[in-house]
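See structure below.
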Amino acid sequence: MYSDKVLDHFSNPRNVGEIPDADGVGTVGNAKCGDIMRMFLKVDDNGVITDVKFKTFGCGAAIATSSMATEMVKGKTLKEALKLTNAAVAEALDGLPPVKMHCSLLAEEAVKAAVEDYMKKHPEAVID
Ligand code: FES
């Protein structure tokens, strides 16, 4: 039911933790299951995400999708990160069971919330 990639990212999640002096932090939750995801970004002067970490209090699919999402946005520009979709994260994990697709949405929303937080704190930043 879960792909090898999902199990791998669940068992060995990448980029777990916090960035104490993060440039952008996004926290999102799903009211139905109660799971919470927080994403931390470090961004350089060119709008490139140089570091990203996450903390997820949630199900295995939420952990696997946050882990994959961090790998997908690291080294990308903020503009590229905003284009990340939950479908792309799920696809990169070789798919998720339909009942678990909402978990990948949390990963997309956490990335977007962190980028929006960065933009709020850095109104001078040009993201394209
Ligand atoms: Fe809620 Fe997975 S069950 S995020």
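Every number for a ligand or one of its atoms is a count from 1 in the order of the listing. Quick note: residue numbers are just sequence positions, from 1.
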Separation between NZ (Lys74) and NZ (Lys76), nearest 0.5 Å, reads 12.5 Å
Please set out all donor-acceptor pairs under 3.5 angstrom arising from side-chain atoms of residues 34-42, sequence neighbours excluded.
| residue | atom | partner | partner atom | Å |
| --- | --- | --- | --- | --- |
| Asp35 | OD2 | Cys59 | N | 3.1 |
| Arg38 | NE | Thr27 | OG1 | 2.8 |
| Lys42 | NZ | Asp21 | O | 2.8 |
| Lys42 | NZ | Asp21 | OD2 | 3.3 |

Minimum heavy-atom separation for Lys53 and Ile19, please, with both atom names.
CG-CG1, 3.7 Å
Could you tally the protein N/O/S atoms lying less than 2.8 Å away from atom 2 (Fe) of ligand 1?
2
Decide yes or no for Arg14 and Asp8: does some side-chain heavy atom of the first lie under 4.5 Å from some side-chain heavy atom of the second?
yes
Would you say the side-chain atoms of Thr70 and Asn15 include a donor-acceptor pair closer than 3.5 Å?
yes
Take Thr65 and Leu93, measure what side-chain contact (heavy atoms from CB on, under 4.5 Å) needs, and give me the verdict at the end.
CA-CA 8 Å; Thr65 52; Leu93 287 166; 3.6 Å; yes
